[in-house]
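Have a look at the structure below, then the notes.
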Amino acid sequence: MPAEHQELVTAVMDGLVDLASMAIDPKDGSLYEDPHPMRLRTYEDEHLMVWYQTIPHRSRVYLKRVNL
């Protein structure tokens, strides 16, 4: 993956980690109200789409796949 794409993915993942630390999903709002908080989620913008999973009890966000 070219460096410019790596920087974009890093920036998006940093944002997703920040939101997850506050128990917020960018699309669905509060993770506390989600009946399936560890489900596979997607985030997309005009440049990429990422699939990720939030694991609240481990305080982790796992990146599963990236489409550019």
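For reference, positions follow the sequence shown, starting with 1.
Residues V66 and M49 are not in side-chain contact: their nearest non-hydrogen atoms beyond the backbone lie 4.5 Å or more apart. Between V50 and E44, the closest side-chain pair of non-hydrogen atoms is not below 4.5 Å. A heavy-atom distance below 4.5 Å is found between the side chains of K64 and Q53. Contact annotation: the side chain of R39 approaches that of D28 to within less than 4.5 Å [non-hydrogen atoms, C-beta and beyond]. Proximity of W51 to N67: side-chain heavy atoms (C-beta onward) are separated by under 4.5 Å at one or more points.
Remark: L8 CG to M1 CE distance equals 9.0 Å, nearest 0.5 Å. Considering CZ of R60 and CD1 of I55, their distance stands at 10.0 Å, rounded to 0.5 Å. Of the inter-residue distances, the one linking D25 atom CG with L19 atom CG reads 8.0 Å to the nearest 0.5 angstrom. In this structure, OH on Y52 lies 15.0 Å from OH on Y62, to the nearest 0.5 angstrom. Taking OH of Y32 as the start and CD1 of I24 as the end, the distance is 9.0 Å to the nearest 0.5 Å.
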Audit row: R41, T54, side-chain contact (heavy atoms from CB on, under 4.5 Å) steps and yes/no: CA-CA 8 Å; R41 302 170 187 279; T54 301; 4.1 Å; yes
CA sep, side-chain torsions, deciding dist, call: H47, L68, side-chain contact (heavy atoms from CB on, under 4.5 Å): CA-CA 6 Å; H47 303 289; L68 299 166; over 6 Å; no
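In this structure, D45 contributes its side chain and L48 its backbone to a donor-acceptor pair below 3.5 Å.
Across L16 and P26, no two heavy atoms sit closer than the pair CD2-CG, 3.7 Å.
By the criterion of side-chain heavy atoms lying less than 4.5 angstrom apart, applied directly or through intervening Ile, Leu, Val, Met, Phe, Trp or Tyr residues, Y43 is not grouped with L31; the two fall into different hydrophobic clusters.
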